[in-house]
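Since the structure is predicted, the reported quantities are computational estimates derived from the model, not experimental observations.
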Amino acid sequence: AVAAFYDEKGAFGVAGASGDGVDVRQLLRSAMSDCGRPGELPQLILFHASPGKEEGLLAGIEAELGASVPVVGGSAADNSVSGDWQLCWDEAVSQDGIALAVLYPDCQLAFQFHSGYIPAEFSGEITACDGREVLTIDHLPAAEVYARWCGRDQPWPVGAILRETTLTPLARQVGSLDGIPYYKLSHPEAVTEQGGLRLFTDVVQGERLLLMYSSQEGLLQRSL
């Protein structure tokens, strides 16, 4: 995908880095300097990172700029959901790292977002986990519980399941707006050898997971 901006009075800075131990705060400063806006809060940050690094890098952005700057983007992807993640910026291409852009457009930005998913009737408590792997839900193997929620007669096989579960992610309620709950999605990436589920977000024991669902048409129409 390619995005093009034409804005004679705006400014847009880009930075990226490969490997572990990336200093996202330094990357932000580099991107700001790149477009001649050092020390100035951007209106928006576009951010992509290889899976497994997102929460820590987002925490670094908030530590550097505060919570008032919106961040959009997501985990790096590939063409076949096989782990061959791709990131690129003006200086390099990488499978492991982060690429970000700071945006200072000559206009006021407005935002509206809906994930395209709604909660189903199934939910359960995380009773054991390890980082991004949910080991048990309600004291039962997480992959077994998730397969039952999805209406499967057989357990999910060990290995990658992201492609097959795109329409049925898990989620946690993180707040409400005007009395309407909103959720943080956690897409299942793989079933592990011990019957757990590896997700695309960190989780904490005691949190409650809900099954979400959508349709291909619903996901396409959310961008209209």
### Message
What I want to find out is whether Glu164 reaches Arg152 closely enough, with some N-O distance under 4.0 Å, to be called a salt bridge.
### Response
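Looking at Glu164 and Arg152, the cut-off is not met.
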Nearest-0.5 Å distance, [atom1] of residue [X] to [atom2] of residue [Y]:
| X | Y | atom1 | atom2 | result |
| --- | --- | --- | --- | --- |
| Gln86 | His48 | CD | NE2 | 13.5 Å |
| Leu135 | Thr192 | CG | OG1 | 6.5 Å |
| Ser68 | Gln43 | OG | CD | 11.0 Å |

### Task
Please name all residues satisfying side-chain contact (heavy atoms from CB on, under 4.5 Å) with Pro155, sequence neighbours left out, ordered by chain then number.
none
### Query
Does the separation of the ring centres of Phe12 and Phe5 fall below 6.0 angstrom?
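Distance test on ring centres: under 6.0 Å, yes.
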Does a donor on one side chain sit under 3.5 Å from an acceptor on the other, for [X] and [Y]?
| X | Y | result |
| --- | --- | --- |
| Thr201 | Arg172 | yes |
| Gln205 | Glu125 | no |
| Ser50 | Gln95 | no |
| Thr168 | Tyr146 | yes |

### Task
Using side chain to side chain donor-acceptor pair (under 3.5 Å) as the criterion, list what pairs up with Glu144, not counting sequence neighbours.
none
### Message
Please enumerate all residues that pass side chain to side chain donor-acceptor pair (under 3.5 Å) together with Thr165, with sequence neighbours excluded.
### Response
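Testing Thr165 for side chain to side chain donor-acceptor pair (under 3.5 Å), a comparison that skips the adjacent residues, returns none.
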### Message
More than 12 heavy atoms of other residues, nucleotides or ligands under 6.0 Å from CG of Asn79: yes or no?
### Response
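No - once you tally the heavy atoms of other residues, nucleotides and ligands closer than 6.0 Å, there are 12 at most.
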### Query
Applying the side-chain contact (heavy atoms from CB on, under 4.5 Å) test to Val71, which of Ile45, Leu44, Leu57 qualifies?
Ile45
